[in-house]
Protein chains: 2
Amino acid sequence: MATTGTDLSRMREMNQLSIVWALRGNPPSTVTELAGRAGLSRPAVDVLVQALVAEGWAEVQEPGAGSVVGRPARRYRFRADAGHVLGIDVGVHKVLAVLSDLEGNLVRTLRRPVDPEAPPAERLAEVDGVIDDVLRATGMTPDDVWAVTVGVTGPVDAAGRTSLSTPLPGWTEADPVAHLAARFSCPVRVENDCKLSAVAERWKGVAQDADDIVFLLAGLRTGAGLILDGTLRRGHGGAAGEIGALKAVRWLTAPDHLQTCPGIPDTAAPGEAAAWVFQAARDGDREAKGAVRRYTRDLAVGVAALVLTLDPQVVVYGGGFSRSADVVLEPLRRELTKHCLRLPELRASTLGDESVALGAVRLALDEVDDRLLGDRLSAPSAPRR
Amino acid sequence: MATTGTDLSRMREMNQLSIVWALRGNPPSTVTELAGRAGLSRPAVDVLVQALVAEGWAEVQEPGAGSVVGRPARRYRFRADAGHVLGIDVGVHKVLAVLSDLEGNLVRTLRRPVDPEAPPAERLAEVDGVIDDVLRATGMTPDDVWAVTVGVTGPVDAAGRTSLSTPLPGWTEADPVAHLAARFSCPVRVENDCKLSAVAERWKGVAQDADDIVFLLAGLRTGAGLILDGTLRRGHGGAAGEIGALKAVRWLTAPDHLQTCPGIPDTAAPGEAAAWVFQAARDGDREAKGAVRRYTRDLAVGVAALVLTLDPQVVVYGGGFSRSADVVLEPLRRELTKHCLRLPELRASTLGDESVALGAVRLALDEVDDRLLGDRLSAPSAPRR
DNA sequence: TGGATAATGCTGAGGAGTTTACTAACTCGG
DNA sequence: CCGAGTTAGTAAACTCCTCAGCATTATCCA
């Protein structure tokens, strides 16, 4: 791979970029601090940061009444509010939208319930609705949004289609990218929900320290998302992590053990049966503990296949069942010991049901970073597709 | 991640590096050609390339009797022979060493048979022997070797130890890195044989076009090596690809179908039984075809788990059985269709039994590139550990 | 032998960062 | 209330690197 040659203007671009990276994620900084972080001299940083202010990437904060010795320094701040990104979770029962600024600060989170049987058109209308609400509540227009990422269930191809399979009714025919492209001129991407949750766990969740992560989505459906060497792995056709499709792996039927456990009260809704069983197991109920053990045993085969294939540092147990991780993780660990060569750490997710939207935000931010702060600095405005 | 600031000398380094990349892998080039490739002006390239000659990275080739109009240009060449790397395959039955120059041209290949029961000390002595032979035959000293990579069977940890398991007798106690460090001051690395074969297939084999590859080592033992997004995946503890350890995956016993097929002549050695069965199947023998089908069925479960987990572009069928790929690939494809969502391409390896050593050479070359041509140019001499 | 052609070599211009020195602004203590 | 001490901002001189253009050199062909 031929590195391309460099002249003076290129050097300036690179240095300006390094100032941007030194600004971002830090509290408002003085020129001296930036010089230290970027490895440049004060005068150089001075002209660069002033250029950033002129372009709109940075902002001056005049010194207040400081109580430090010496002349108080002007501080510069990255304009995280110069643009925003949207992360959207299109679930079976709900649509969830999260608006974030360029530093990943969550500005607004809104959800709407959706009829599980709703056809794609209706579901997309709810998406439009929740986006409208978020934009109205924050006083923004679609042009203020620099990237949108949508999470859906099922393997997602490069075009954002879910043509192989998905539990969202009729969704194999839906084209969410085209739908959103009508309103947004910025990059729009669709990604699998397990993959997004995995990204979220590494960003703000329980796996921030790990570079090789298997995320388990455990609920009435079971799925997985993979992060290797710190980046999300999609696979060549976007179907990485779909080991649940293998019949020898009993992920499809594993949750049934929890639904059919004797003793579940008739009053429990279908979604609550599992929670009841977990609670009963926690209380020492023999039948419930057996059901959990059978569930874990089925789950463990697939997890073992993932672990043996990838040898991750951490396996994150997430999804709807993660609230009951306390009764699942220990039996799961025991099962895995039987199958695996090297046991990874098992951790329970704490992000709750916003993890998909959160991961979507992170991916949208990555998109913006690549486009605008990749290796040359663009003007601070929404990137085009 | 803070990109570090750049001053003029850094720029010069970068441009010099881009000249190196423009020189490598190309025939001897004129300054004008280099300027075009590197995106620099002729005068700039001129001084840079002269500096490279002074340092020993490049070499002038005075113009011969050319038949072109105009003043014939001086040509510059990358000194691929400034250093060499060693790739070594420590197998059960043999030790194989390949010496390569810095451009990946294979200079010398030597092999020695080893008693399958040989203890580690004896096996390492054979390694020493074959290295001595290669160095003597090429008139080199250990200081001319800039990196060594060794391939062994079994999962290899970061220290080059094979403590979990390996079919090499006693090898869990061996420390090949320490052994070779006594002779070589350059970086020494040990890696799993399947992983190295995967690297070789992408470098010079049948998967040069693919970025997501599953390599299958198919023989009396079955294993896998993974390349995702163009780079080898080791996993957090170096045990990626070891799905064969899962009992639900019948890789351990799959080859037995080929050993126990009725009709195998008593005269056949244990290693030749499988080859006989494949040939018989090719000739239309019912029993043999059944044995191959059973073998394929067992193999396919593990392959399907890999494919569903990783969604690769290509699955390469390699190892000792790859010569019989013609009778295996089609049944394997049929089996995979049953299990998988999206079928990857199936290709048969053509590299033969030198693929492990070849992959080792590639990894050693990568090591040299990282150390010497990473982002600043070092002097052309063996890197220290 | 002279002209055409293409590469080399040289010189001056321009841009970017660094160093150094100087000025400005603020705190603290007498 | 003022001056010493400290730190930030600014300007000038300098270095280094690339680039553009022109003169020079080497070769082939008529």
Side-chain angles (χ1 to χ4, degrees), chain A residues 3-20 22-23 27-55 58 60-77 376-377, chain B residues 3-20 22-23 27-55 58 60-77 376-377:
Chain A
T3 319
T4 184
T6 304
D7 66 348
L8 286 299
S9 60
R10 175 93 187 92
M11 183 168 91
R12 182 166 225 273
E13 279 176 357
M14 295 173 58
N15 285 340
Q16 206 159 7
L17 257 181
S18 81
I19 299 296
V20 171
L23 276 171
S29 313
T30 68
V31 171
T32 315
E33 288 165 355
L34 292 174
R37 271 183 228 139
L40 294 170
S41 67
R42 276 193 304 271
V45 172
D46 195 67
V47 304
L48 288 170
V49 82
Q50 275 172 32
L52 287 174
V53 170
E55 288 175 41
V60 190
Q61 184 179 294
E62 287 301 338
S67 64
V68 285
V69 174
R71 175 173 176 169
R74 243 198 303 269
R75 292 184 174 271
Y76 293 89
R77 179 176 19 162
R376 57 198 332 122
L377 195 64
Chain B
T3 319
T4 184
T6 305
D7 67 348
L8 285 301
S9 60
R10 174 94 187 94
M11 183 167 92
R12 182 169 223 269
E13 278 177 359
M14 294 172 59
N15 285 341
Q16 205 160 9
L17 257 182
S18 83
I19 299 294
V20 171
L23 276 171
S29 313
T30 68
V31 172
T32 315
E33 288 166 354
L34 292 175
R37 269 183 231 140
L40 295 171
S41 70
R42 277 190 302 271
V45 172
D46 194 65
V47 301
L48 288 171
V49 82
Q50 275 172 31
L52 286 174
V53 170
E55 288 175 41
V60 190
Q61 183 179 295
E62 288 301 340
S67 62
V68 286
V69 175
R71 176 174 176 171
R74 237 199 306 269
R75 291 183 173 273
Y76 293 89
R77 179 172 25 154
R376 55 196 336 119
L377 196 63

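Letters go in sequence order (proteins before strands), and every chain restarts at 1.
- With C:dT18, C:dG17, D:dT18 as the choices, the nucleotide that has an atom nearest any side-chain atom of A:S41 turns out to be C:dT18.
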(request) Spell out protein contact along nucleotides 2-11 of chain D as letters: B when the base is contacted, S when just the sugar-phosphate is, - when no protein heavy atom is under 4.0 Å; keep the 5' to 3' order. (result) ----BBBSSB
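- Here C:dA16 presents its P atom at 6 Å from CZ of A:R12, a figure rounded to the nearest Å.
- Results of the side chain to side chain contact (heavy atoms under 4.5 Å, CB included) test with B:V20 over B:L52, B:N15, B:L48, B:V49 single out B:L52 as the only residue that passes.
- A:I19 places its CD1 atom 15 Å from the P atom of C:dA16, with the value rounded to the nearest Å.
- Between A:E33 and the choices A:R77, A:R75, A:R74, A:R42, the salt bridge (charged side-chain N to carboxylate O under 4.0 Å, His left out) rule is met once, by A:R75.
- Residue B:E13 contributes atom CD, which lies 16 Å from atom C1' of D:dT18 at whole-angstrom precision.
- Scored by the side chain to side chain contact (heavy atoms under 4.5 Å, CB included) test, B:V53 finds B:A58, B:V60, B:Y76 as partners (sequence neighbours excluded).
- Rounded to whole Å, the distance from CG on A:L8 to P on D:dT15 is 17 Å.
- The shortest distance between the side-chain N/O atoms of A:N15 and the OP1/OP2 oxygens of C:dA16 is not below 4.0 Å.
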(request) Dump the intermediate steps for side-chain contact (heavy atoms from CB on, under 4.5 Å) on A:E13 and A:Q16, then the final yes or no. (result) CA-CA 5 Å; A:E13 279 176 357; A:Q16 206 159 7; 5.7 Å; no
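- You'll find the side chain of A:L8 stays beyond 4.5 Å of the side chain of A:R12, heavy atoms only.
- In this structure, A:M11 atom CE and D:dT18 atom C1' are separated by 10 Å, rounded to whole Å.
- For B:S9, the side chain to side chain contact (heavy atoms under 4.5 Å, CB included) partners two or more places apart in sequence, or in a different chain, are B:D7.
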